[in-house]
Visitor: 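One structure coming up, written as structure tokens, with questions to follow.
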Amino acid sequence: MRGAAGLTAAGFLACGLVLMSSAAVAQTPLPGPAPEELRNIQRHGPWSQPVPRDPSNRVSGNAEAIALGRALFFDPRLSPSADLSCATCHLPERALTDGRDRARGGGAAKPRLDRNTPGLWNVGHGRWFGWDGGSDSLWSFALRPILHPDEMGASAAHVARLLRGDANLACRYANAFGRAVPPEAAAESALVDAAKALAAYLETLVSGASAFDELREALARGDATAAARYPDDARRGLALFAGKGQCSICHFGPNFSNGEFHNIGMPHMVEPGRVDPGRHGGIRRVRADKYNLLGAFSDDATRASGSRTLHLAQNHGNYGQFKVPSLRNVELTAPYMHDGRLATLREVVRHYSELNVDRLHQDGEALLKPLRLSDAESEDLVAFLRTLTSRSFPDLNPAPGPCERRGA
Ligand code: HEC
Ligand code: HEC
């Protein structure tokens, strides 16, 4: 058994080496995945990667802003009824999801929201935020749950008062932004700053390497022994993922998402008579958003970061498209899809296997076809997805040191 696994891994490895140095010559055809699949594997790394600074957020990467953002993330006082923090829905022990199909809002009514709560690990590697991409920056997204009447339902004045009234928050604010919390009349800028601090915190949520990353690294450095440690079922699943399954076309790159929007034939009825328009609505929303990257609140004086927003165009195909989610740590974030309608990874794989092509009315999705996987192949694909779970996560909420006002 061990020998067979080793042999296949060696085949794997030899192909990898051919890719990396064109000088290598394979005399006989080697067993294992095709060169194209191996190229795909290498494209899913390296990992982990820090999130690049956000030019639209002047406190991106600022340690004091990160500390402020962390404090706000866990603080239920952000909601006026003090019953909802970001962490109420993005629970640390559930990989920053809530385990529900669709989220529950705040206040007495606790309304059922339209969408599933996504995990926030590695969220900073995204390019559009929300399942419909209705926000073009992390900080502008963070304003949504704060202001939305079904979620926290807070106002700018409420957030400014919270920052001003708490010595620790006020101190972090002053250190991060180099000024005292603005007065009532300028509450909106305090609100946007709070969102920018939250975004600076979210950018630090990068999870560690997974068994898949260890395999990828082993292949890259030519370590057959380490490569052989990767389980056989997951290796077959990986071949499906990167090969005939064509999953990596959309679940592309180190974070397993191309950052774009696709229609994969999921129903998008929210309730009888009401549909979730997906990306179609997201484009409308981001263009109308006064907090978008083209607006006055972006700190990017060049406005270069807003060029994608500037060039957004609606077309009918956007209807029913949703963001391609990252698959890192997907094992931990059930249930799945924008409305959480699939309970397990096995159900997700069944969706792709049995795909209802009639629902795929849009042009660009011609690459999706029912995969008709056997039970064993489906199990292999699930086994592969489970190897995307990070072996380590940074501490989400370390005890903060006392805040000392700088330059005061
Ligand atoms: C009531 C539950 C709830 C609360 C409270 C909440 N969220 Fe969320 N979060 C969600 C849901 C649901 C979505 C998906 C929204 C959508 O697609 O429209 C989401 C999406 C996100 C995203 C986008 C993720 C992505 O991959 O695109 C970010 C970032 C985020 N939340 C951050 C926050 C922050 C910061 C707070 C606190 C200010 C917060 N959330 C409070 C439920 C919640
Ligand atoms: C055409 C692009 C595309 C291809 C190809 C594709 N996916 Fe997806 N995937 C998506 C989109 C878009 C979603 C979210 C759809 C929604 O929420 O309605 C998604 C969702 C998922 C989810 C749920 C993740 C979550 O957090 O909810 C998993 C798991 C997944 N895909 C795995 C796969 C696998 C395995 C394959 C190959 C068999 C595959 N995908 C092929 C675009 C694609």
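Just so you know, ligand 1 is whichever comes first in the structure, and atom 1 is the first atom listed for that ligand. Note that these values count all heavy atoms, side chains included, but never hydrogens, waters or copies made by symmetry. This chain uses plain numbering: 1 for the first residue, then up along the sequence.
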Visitor: At less than 4.0 angstrom from any non-hydrogen atom of Glu151, what atoms of ligand 1 do you find?
Guide: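 By the 4.0 Å cutoff, the relevant atoms are 1 (C), 3 (C), 4 (C), 6 (C), 7 (N), 43 (C).
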Visitor: Taking just the N, O or S atoms of His251, which one is nearest to atom 8 (Fe) of ligand 2?
Guide: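 Answer by atom name: NE2.
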Visitor: Judged on heavy-atom distance to atom 21 (C) of ligand 2, which of Phe256, Tyr352, Phe252 sits nearest?
Guide: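 Answer by nearest heavy atom: Tyr352.
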Visitor: Between the side chains of Arg112 and Asp101, is the shortest nitrogen-to-carboxylate-oxygen separation below 4.0 Å, so that they form an ion pair?
Guide: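 The answer is yes: the pair qualifies as a salt bridge.
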Visitor: Does the gap between the ring centers of His262 and Phe322 come in under 6.0 Å?
Guide: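 Centroid distance His262-Phe322: not below 6.0 Å, so no.
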Visitor: Regarding Tyr173 and Arg164, do their side chains bring together a donor and an acceptor under 3.5 Å, going by distance alone?
Guide: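 Result is no, nothing qualifies.
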Visitor: Will you find, in the side chains of Asp213 and Ser210, an N or O donor that is under 3.5 Å from an N or O acceptor?
Guide: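 A donor-acceptor contact under 3.5 Å links the two side chains.
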Visitor: Within the stated cut-off of 2.8 Å, is an N/O/S atom of His90 closer than that to atom 8 (Fe) of ligand 1?
Guide: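 Yes, since at least one N, O or S atom of His90 sits under 2.8 Å from atom 8 (Fe) of ligand 1.
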Visitor: May I ask you to list the atoms of ligand 1 that are less than 4.0 angstrom from any heavy atom of Ala103?
Guide: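 With Ala103 as reference, the close atoms of ligand 1 come out as 12 (C).
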Visitor: Quick one: which ligand 1 atoms are inside 4.0 Å of a heavy atom on Ser85?
Guide: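 The atoms of ligand 1 under 4.0 Å from a heavy atom of Ser85 are 5 (C).
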Visitor: Can Arg216 be said to sit on top of Trp47's aromatic six-ring, NZ or CZ under 6.0 Å from centre and within 45° of the ring axis?
Guide: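 Here Arg216 fails the 6.0 Å and 45° test against Trp47.
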Visitor: Would Arg279 count as a cation-pi partner of Phe261, with NZ or CZ less than 6.0 Å from the six-membered ring centre and within 45° of the ring normal?
Guide: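 Yes, Arg279 and Phe261 form such a contact.
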Visitor: Please work out which of Gly340, Pro118, Cys247 has its closest non-hydrogen atom nearest to atom 37 (C) of ligand 2.
Guide: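 The residue whose heavy atom sits nearest atom 37 (C) of ligand 2 is Cys247.
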Visitor: I'd like to check which ligand 1 atoms, numbered from 1 as shown, lie under 4.0 Å from a non-hydrogen atom of Trp131.
Guide: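 Near Trp131, the atoms of ligand 1 are 14 (C), 16 (C), 17 (O).
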Visitor: May I ask which of His268, Lys323, Met337 has a heavy atom nearer to atom 20 (C) of ligand 2 than the others do?
Guide: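 That would be Met337.
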Visitor: Do the non-hydrogen side-chain atoms of Tyr291 and Trp139 ever get within less than 4.5 Å of each other?
Guide: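 Yes, at least one pair of side-chain atoms sits under 4.5 Å.
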Visitor: Please identify which atoms of ligand 1 are closer than 4.0 Å to at least one heavy atom of Cys89.
Guide: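 By the 4.0 Å cutoff, the relevant atoms are 1 (C), 2 (C), 3 (C), 4 (C), 5 (C), 42 (C), 43 (C).
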Visitor: What are the atoms of ligand 1, with element, lying closer than 4.0 Å to any heavy atom of Arg115?
Guide: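 Ligand 1 atoms under the 4.0 Å threshold to Arg115: 12 (C), 16 (C), 17 (O), 18 (O).
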Visitor: Please could you name the atoms of ligand 2 that Gln246 approaches to less than 4.0 Å, counting only its heavy atoms?
Guide: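 Once the distances to Gln246 are compared, the set is 5 (C).
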Visitor: For Phe212 and Phe384, take the angle between the two ring planes, folded into 0 to 90°, and tell me which bin it lands in: parallel under 30, tilted 30 to 60, perpendicular over 60.
Guide: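 Judged by the thresholds at 30° and 60°, the geometry between Phe212 and Phe384 is perpendicular.
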Visitor: Enumerate the atoms of ligand 1 whose separation from the nearest heavy atom of Ile146 is less than 4.0 angstrom.
Guide: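 In order of numbering, the contacting atoms are 38 (C).
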Visitor: Relative to the heavy atoms of Leu371, which atoms of ligand 2 are at a distance of less than 4.0 Å?
Guide: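 With Leu371 as reference, the close atoms of ligand 2 come out as 38 (C).
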Visitor: Checking side-chain polar atoms at under 3.5 Å, does Asn397 have a donor or acceptor matched by the opposite partner on Arg70?
Guide: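 Arg70 and Asn397 do not have a side-chain donor-acceptor pair below 3.5 Å.
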Visitor: Which ligand 2 atoms, with their elements, are less than 4.0 angstrom from a heavy-atom of Met266?
Guide: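 Checking each atom against Met266, I get 18 (O).
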Visitor: Using a strict cut-off of 4.0 Å, indicate which atoms of ligand 1 neighbour a heavy atom of Arg144.
Guide: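 It comes down to these atoms of ligand 1: 16 (C), 18 (O).
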Visitor: For ligand 2, which part of Leu368 has a heavy atom less than 4.0 Å away: the side chain, the backbone, both, or neither?
Guide: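 The side chain, only.
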